[in-house]
Amino acid sequence: MEKLNSSQEEAVTKSEGRILVLAGAGSGKTRVIIHRILHLLSKGTDPKQILGLTFTNKAAEEMRMRLQSKVGKEVATEVTLSTFHSFCMKILRKEIHHLGYTNEFSLYDDRDEKRLAEEVEFDEVRLKACMRAHNAVTFDGLIQLTIQLFQEFPGILEKVQDRFRYLMIDEYQDTNHSQFLLAELLSSKYNNICVVGDDDQSIYGWRGAEVKNILHFRADHTIKLQENYRSTSTILQAANCLIKKNKNRHPKTLISYLGEGERIEIFHAANEIEEATAIVTKVLEYAEKMPLNEIAILYRSNALSRNLESALLQATYRKDGSWKRGLPYEIYGGLAFAERSEIKDLSAYLRLIANPLDQQALLRIINVPARGISEKTLDTVTAYNRQKNLPLWNLLENLEVTVTDRAKAAIGNFVQLIHRAKRRFASQKLYEALQWLIQEIDYEKVIQNEATTDKGQLFKRDNIQEFISNLAQYEEGAQNPSLQDFTSGYLLESTKAKKGGQDKNKLQLMTFHSAKGLEFTVCFLIGLEDGIVPHEKGMQETSLEEERRLFYVAMTRAKRKLILSMARQRKKWGKDAPCTPSRFLLEIPKNLLIS
DNA sequence: TAAATCCGCCTTTTT
DNA sequence: GGCGGATTTA
């Protein structure tokens, strides 16, 4: 695949105007984006004027690497390739003071936001006022406030427009309303915007993504990339037939050049246990012909991995002349590093030290470890603070509420602690101050309390060490290291659980959703029963289309071999329940299947 | 204040 | 069947 095909060529060279590139699964989307940038550069465009927005850091990073290999590091770093969120974060850290926040604002994650929303009884107006009082911004707020900034201060918008004259957006089918608005604002002066995506792979509607953005994009030119370089024609035909049933889509048909390949296997097990053991047996067969990480087992929901995991642990097989027990696997979708309680606690301390208005951070750790500030005391204090409309922190510093003497003393100690911490963080290395803080508050108490097993405690301590060294690393590398920058970076860079050892030779297990963008030689799709695929809560007309797209995404991950499985009976919340095959299976032509 | 028990729910999760 | 959140109990 050295040369670009004709539609890829067209997508690369149409560099002016509003361009819609409908990039089917496996059609060389990233390659087109990279070549587009190369094409712009070859015409003498200043790399600083090119902006590529992605959804994930991984995608941004991959693009940067591929660009770097073509034009070298120096030019590649001049091109801005970033996620929507970090792009907006950079702007807001400079300009948000125009909107009544300070540039030290905190980033609230979904839980922080939810808790606050409950507090104000889901009153949007009060919520927004509270966010400002806390000097905090939510994920989507990063984008909404950037829009607001651009609308209220056209001068700032124009500066940004003049800087970024060529805009490219990856995975455009996943944009939500504010991302759509942002893209329109950014491109409205020079009118150069190229959006790349696949409406058939829009699977995040439930998170606010709007397929209509890509379905109704006002395009000067639309280019369809329909040549697939990933899968056999059998797999593609099946996927094409399935997705054709959707009404809301740009019609397209993927074509394969890889030959027919083998037919799709269908396997109907008696129950979920037998399904799992049968799959493991088949995996062992394929494992003799290829590295394990070219094989994936995909499922609709995380709960379906359980039986597989136990079957994998029990699997016995011969390798290098001796018998082994337990097939190595890697499972995606554990708790992200930043979501772990010990990391959230320490981040909350850092957030509070950086931004005393950050009330969610304050409330999270005011009694962690337990220091005698009870829920009741907190209730009294927060009620008073709402009534007086004072920041909670100021109230704590200047306690004028009737609480018990014990509580008063405890709060006084806490306030002193934070003041001491502030001085520490201002006067020594951040990571050293953090080490001091962990000792000072005796966080070990929390670990012993929360983790009952030795293993669990060890895990938490490891995570904390990891967190400290992350801070040290950050401090080393950053231009102007700051706590708020560090803590929000943690949320923005979804640092997933550290990938297991360097041994890449592990079977891959993940949900359909997490498989998007990946490919495997052999794919098993399991639990293909009505109620799971499509999910029982997604059976209405519109969500059914998204469920179908999700199944389509899952099918098109397979390069050479696709195996579909289901059970006649499956334990549902502890009880056996009969199952019927997924209605989507009926949409695959029979001649492509074997059972 | 913390432990113990109970109740209600159950998807997917790019930042 | 199992987890998180709420409520009760020591």
Side-chain angles (χ1 to χ4, degrees), chain A residues 53-62 82-89 107-115 118 137-144 146 169-176 178-179 197 201-209 272 298-307 332-336 338-339 341 367-378 404 406-407 410 445 449-450 452 488-496 510-518 527 531-539 543 546-547 549-551 553-554 570-577:
Chain A
L53 293 178
T54 63
F55 279 84
T56 64
N57 293 295
K58 198 175 149 204
E61 207 43 43
E62 190 192 334
S82 137
T83 64
F84 275 94
H85 292 89
S86 33
F87 177 73
C88 291
M89 175 62 90
L107 184 61
Y108 272 11
D109 68 14
D110 294 345
R111 283 179 95 93
D112 291 327
E113 185 187 9
K114 212 182 124 209
R115 260 198 303 270
E118 277 162 12
V137 175
T138 60
F139 279 107
D140 205 48
L142 288 172
I143 294 162
Q144 286 162 1
T146 305
I169 300 181
D170 187 25
E171 305 276 17
Y172 189 71
Q173 77 281 356
D174 290 332
T175 47
N176 63 22
S178 32
Q179 287 155 343
Q201 294 187 68
S202 166
I203 55 173
Y204 285 101
W206 52 277
R207 271 194 125 225
E272 77 278 6
L298 312 180
Y299 35 81
R300 172 66 230 259
S301 63
N302 287 306
L304 291 167
S305 70
R306 264 180 180 278
N307 302 308
Y332 287 75
L335 215 47
E339 300 280 305
S341 70
N367 202 35
V368 176
R371 46 171 76 89
I373 303 173
S374 67
E375 282 299 319
K376 196 160 167 284
T377 308
L378 274 180
T404 60
R406 246 171 73 182
K445 270 194 299 210
N449 236 326
E450 285 188 2
T452 43
S488 52
Y490 242 78
L491 293 178
L492 285 179
E493 281 159 38
S494 92
T495 323
K496 276 273 180 207
M510 69 192 81
T511 62
F512 292 170
H513 280 90
S514 356
K516 198 176 87 166
L518 305 177
I532 300 179
V533 180
H535 192 271
E536 56 189 343
K537 297 223 167 138
M539 301 256 199
S543 42
E546 181 157 314
E547 292 288 315
R549 292 193 293 262
L550 183 56
F551 188 48
V553 167
R570 180 181 299 276
K571 272 221 169 18
K572 199 181 178 190
W573 304 319
K575 270 201 227 106
D576 275 327

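Proteins come first, then strands; the chains are lettered A, B, ... in the order of their sequence lines, and each starts at number 1.
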Counting any heavy atom closer than 4.0 Å, what does [X] reach on the DNA or RNA strands: base, sugar-phosphate only, or nothing?
X	answer
A:Glu547	base
A:Ala370	sugar-phosphate
A:Gly372	sugar-phosphate

Let me know the distance between [atom1] of [X] and [atom2] of [N], rounded to the nearest Å.
X	N	atom1	atom2	value
A:Leu491	B:dT13	CG	P	18 Å
A:Lys572	C:dG2	NZ	C1'	16 Å
A:Gln144	B:dT15	CD	P	18 Å
A:His85	B:dT14	NE2	P	12 Å
A:Lys114	B:dT13	NZ	P	17 Å
A:Asp170	B:dT14	CG	P	16 Å
A:Asp174	B:dT13	CG	P	13 Å
A:Tyr204	B:dT15	OH	P	9 Å

To the nearest 0.5 Å, what is the distance between CZ (A:Phe55) and OG1 (A:Thr83)?
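Here the interatomic distance stands at 10.0 Å.
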
[Y] side chain reached by [X] side chain, heavy atoms, under 4.5 Å:
X	Y	result
A:Met89	A:Leu107	yes
A:Tyr204	A:Gln173	no
A:Met510	A:Leu298	yes

Output yes if the stacking criterion (under 5.5 Å between centres, under 30° between planes) is met for A:Trp573 over the base of B:dC10, else no.
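Ring-base stacking flag set for A:Trp573 and B:dC10.
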
Using the rule for Phe, Tyr, His and the six-membered ring of Trp, do A:Phe84 and B:dT15 stack at under 5.5 Å and under 30°?
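Given the distance and angle limits, no, they do not stack.
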
Indicate whether OP1 or OP2 belonging to [N] is found under 4.0 Å from a side-chain N or O atom of [X].
X	N	answer
A:Ser514	B:dT13	yes
A:Asn302	B:dT12	yes
A:Asn57	B:dT15	yes
A:Lys537	B:dC10	yes
A:Thr511	B:dT13	yes

N/O contacts under 3.5 Å, protein versus nucleotides 5-10 of chain C?
unit_1 : atom_1 : unit_2   : atom_2 : d
C:dG5  : OP1    : A:Arg111 : NH2    : 3.1

Closest-nucleotide ordering on DNA chain B, the 5'-leading residue of A:Asp140 and A:Asn367
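Its nucleotide being nearer the 5' end, the pick is A:Asn367.
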
Check the pair A:Glu546, A:Arg549 against salt bridge (Lys or Arg N to Asp or Glu O under 4.0 Å), reporting the backbone distance first and the verdict last.
CA-CA 5 Å; A:Glu546 181 157 314; A:Arg549 292 193 293 262; 3.4 Å; yes

Can you label the angle between the A:Phe512 ring and the A:Phe551 ring as parallel, tilted or perpendicular, going by 30° and 60°?
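A:Phe512 vs A:Phe551 ring planes: tilted.
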
A:Glu272 and A:Arg306: CA distance, side-chain angles, deciding distance, salt bridge (Lys or Arg N to Asp or Glu O under 4.0 Å) verdict:
CA-CA 10 Å; A:Glu272 77 278 6; A:Arg306 264 180 180 278; over 6 Å; no

Hey, mind stepping through A:Gln144 and A:Asp140 against side chain to side chain donor-acceptor pair (under 3.5 Å) and telling me if it holds?
CA-CA 6 Å; A:Gln144 286 162 1; A:Asp140 205 48; 2.6 Å; yes

Just compare [options] and give me whichever is closest to any side-chain atom of [X].
X	options	answer
A:Arg306	B:dT14, C:dG2, B:dC10	C:dG2
A:Arg300	B:dT14, B:dT11, B:dT15	B:dT11
A:His513	B:dT11, B:dT13, B:dT15	B:dT13

Quiz question: going by heavy-atom distance under 3.5 Å, is there a donor-acceptor pair between the base of B:dT11 and the side chain of A:Arg207?
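Side chain to base: no pair present.
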
For B:dT12 and C:dG5, measure between their P atoms and round to the nearest Å.
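Per the computed distance, 16 Å lies between those P atoms.
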
Centroid-to-centroid, A:His535 to A:Trp206, below 6.0 Å?
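Ring-ring flag for A:His535/A:Trp206: false, centres at least 6.0 Å apart.
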
